[in-house]
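What follows is a short report on a single structure.
Computed from heavy atoms alone, side chains included, the values below leave out hydrogens, waters and symmetry copies.
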Amino acid sequence: MTESEFQAAVIELARYGGWRVYHARPAQIRPGVWATPFTGDAGFPDLILAHPHRGLLAIELKVGRNRATDAQLDWLEVLDGQLVEAATWRPEDLNYIARRLHKDMHV
């Protein structure tokens with residue numbers, strides 16, 4: 001499973017569970033060169049998921065041997081516990097992800 005496929009699966013699970021989803025997509029800045037424009041510190045999580053009854057999640061997605069960078073870990077550490085649940089999710093976590101996103105739902 002690619003990271004793009006994994007991300008699409010997580011977003012689909014989130015939307016099914018009534019979550020609001022935010023993801024900043026890269027843009028092509030010139031032929032063959034892609035970047036995600038931002039102002040501030042690098043490493044912001046891949047997804048921000050918000051639900052009126054189930055909380056606010058900051059999620060970094062990783063597939064295969066990919067590991068979170070120090071900048072990504074710094075963001076997750078700062079966000080976690082500050083009214084936000086922050087985590088790194090992998091494809092092998094899909095059963096947990098479905099349970100977390102549909103907590104208190106009968107699915």
query = Tell me, do L61 and L47 make a side-chain contact under 4.5 Å, heavy atoms counted?
reply = yes
ask   = What heavy-atom pair brings P45 and I59 nearest, and what distance separates the two atoms?
value = CB-O, 3.6 Å
inquiry  = Let's go through L49 and R20 carefully: what are the C-alpha distance in whole Å and the side-chain angles of both, what is the deciding distance for side-chain contact (heavy atoms from CB on, under 4.5 Å) to 0.1 Å, and is it a yes or a no?
reply    = CA-CA 6 Å; L49 307 175; R20 303 280 300 185; over 6 Å; no
query = Roughly how far, to the nearest 0.5 Å, is the CG atom of L101 from the NE2 atom of H51?
reply = 9.5 Å
message = I need the single residue from L79, L57, L76 that forms a side-chain contact (heavy atoms from CB on, under 4.5 Å) with V84. Which is it?
response = L79
Cluster check Y22, V10: I/L/V/M/F/W/Y, side chain < 4.5 angstrom = no
ask   = Is the shortest heavy-atom distance from the side chain of L13 to the side chain of I97 under 4.5 Å?
value = yes
query = In terms of hydrophobic clustering (I, L, V, M, F, W, Y; side-chain heavy atoms under 4.5 Å; direct or indirect links), are W19 and I48 co-clustered?
reply = no
ask   = How about L94 and F6: do any of their side-chain heavy atoms sit closer than 4.5 Å?
value = yes
key: By side-chain hydrogen bond (donor to acceptor under 3.5 Å, both in side chains) - contacts of Q72 (at least two apart)   = E60, K62, T69
ask   = Mind checking whether R54 and H102 have side chains closer than 4.5 Å, heavy atoms only?
value = no
message = Closer than 3.5 angstrom, by distance alone: can the side chain of D93 be matched with the main-chain N or O of R90 as a donor-acceptor pair?
response = yes
ask   = Linking I/L/V/M/F/W/Y whenever any side-chain heavy atoms sit under 4.5 Å apart, do W75 and V21 land together?
value = no
Under 3.5 Å, side-chain donor or acceptor atoms of residues 23-40 against the rest of the protein: list the pairs with distances, not counting sequence neighbours.
from	atom 1	to	atom 2	distance (Å)
H23	ND1	D46	O	2.8
H23	NE2	Q7	NE2	3.4

